[in-house]
There are 2 protein chains.
Amino acid sequence: MKLPRSQTQVSKSVKADRLTDVEIKKIIREMHLKVTHQRRAILEVLAVGRHHFTAQEIFDLVHKRFPEIGFATVYRFLKKLTEYKFVSEVRMGGLPARYELAPTHHHDHMSCIECGKIVEFENYAIENLQEKVAAELGFELTGHVLELYGICPDCRKGK
Amino acid sequence: MKLPRSQTQVSKSVKADRLTDVEIKKIIREMHLKVTHQRRAILEVLAVGRHHFTAQEIFDLVHKRFPEIGFATVYRFLKKLTEYKFVSEVRMGGLPARYELAPTHHHDHMSCIECGKIVEFENYAIENLQEKVAAELGFELTGHVLELYGICPDCRKGK
DNA sequence: GTAGGTGCAAATCGTTTGCAGTACA
DNA sequence: TGTACTGCAAACGATTTGCACCTAC
């Protein structure tokens, strides 16, 4: 196998950036919830670009189509989605939580401590070393959390 | 195979569980702040056992000796201490932040998902790779969280 | 003496909850 | 039809801030 120049891969959205009506209904029904237009709209928003959205951002986007929607609805549904692992919740420092549609592939996060922006990455060398560390400690590795914090290109320029 | 000089170090540091008056004054003065009894009390509390305390816990403990102290003082000083890296702030989920006197050596954690045991380790290769990843993403790295989860030697045997 | 520190209370911010009305199955 | 869902507003908990009074230097 040919090794790429860098072992770090920034995940590009090779994933579909929208969910079909059928997929949306399936997700909601799997949680034993009723399919409402608010919930559909929230899932549609989450699928766009598969970014990491704050509850506020999701609210704003859904609000454009359903001006009557309330924050409570957004939070309540995000909580359910998180419980059922359909979305993953990322919290950084004191910043508002960010939500992303559960990724199909494993990845870690690099977050900007100033603006909260999150970039996904995958680094095979680090993953391998984690296995090695666990083995040296006599552990059977079952999972990990790796979050890098720093200042993103934009915020560095902005200073 | 014989394990070569491993890059993974299990930390065994024996830290003092109290700070001397001189050390406390030194810390405060390095931040260009005035030495008040409130600030001394907060540092003394943080040194006890070197646990991870919430602001509330620190407040409670200091409050026993200085019933007049306010939350604002605790938070304001913790913020300064964090800025100057004398304490590290750990935030988990939506839970209140926890503060610990900055350990002399950086370390990460490997936790057993069955018995909860935590082993500290330090792996320079991983640390270096994290720097590399951040650089590739254009970020200035300021910190990270690496938690490995798995089953410890004892629990593996026990099965 | 004076700049900086303090306690208090009110303000803020993200998030949660109670409730009365609404809509999906 | 009935129960789950919704929007609203108020409640919440952690943290921050404004301000008049103190205190270390």
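Residue numbers begin at 1 in each chain, while the letters A, B, ... track the order of the sequences.
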Could you state the [atom1]-[atom2] distance from [X] to [N], rounded to the nearest angstrom?
X     : N      : atom1 : atom2 : answer
A:D60 : C:dG14 : CG    : P     : 12 Å
A:F77 : C:dT17 : CZ    : P     : 18 Å
B:H63 : C:dT6  : NE2   : P     : 16 Å
B:F66 : C:dC8  : CZ    : P     : 14 Å
A:L78 : C:dG14 : CG    : C1'   : 13 Å
A:Q56 : C:dT12 : CD    : P     : 16 Å
B:M31 : C:dG4  : CE    : P     : 15 Å

## Note on the structure
Protein heavy-atom contacts under 4.0 Å, written 5' to 3' over nucleotides 18-25 of chain C as B (base), S (sugar-phosphate only) or - (none), form the string B-----BS
### Heavy-atom check, side chain of B:F59 versus side chain of B:V45, under 4.5 Å
no
### Summary
Which of A:H109, A:R98, A:K117 passes side chain to side chain donor-acceptor pair (under 3.5 Å) with A:H52? Answer is A:H109
### Query
chain B on DNA chain D: first and last contacting nucleotide, 5' to 3', under 4.0 Å to a heavy atom?
D:dA14 to D:dC25
Exercise: do [X] and [Y] side chains pair donor with acceptor under 3.5 Å:
X      : Y      : value
A:E68  : A:H63  : no
A:D60  : A:Q56  : yes
B:E122 : B:H107 : no
A:Q38  : A:T73  : no

### Query
the helix from C:dG1-D:dC25 to C:dA25-D:dT1: angle between its terminal axes, five pairs each, to 10°?
30°
### Task
Could you tell me whether a side-chain N or O of B:E23 sits under 3.5 Å from a main-chain N or O of B:T20, the two making a donor and an acceptor?
yes
#### Entry: Along DNA chain D (nearest heavy atom to each residue), the more 5'-positioned of B:F71 and A:P67
A:P67
### Message
Under 6.0 Å between ring centres: does that hold for A:H37 and A:F66?
### Response
yes
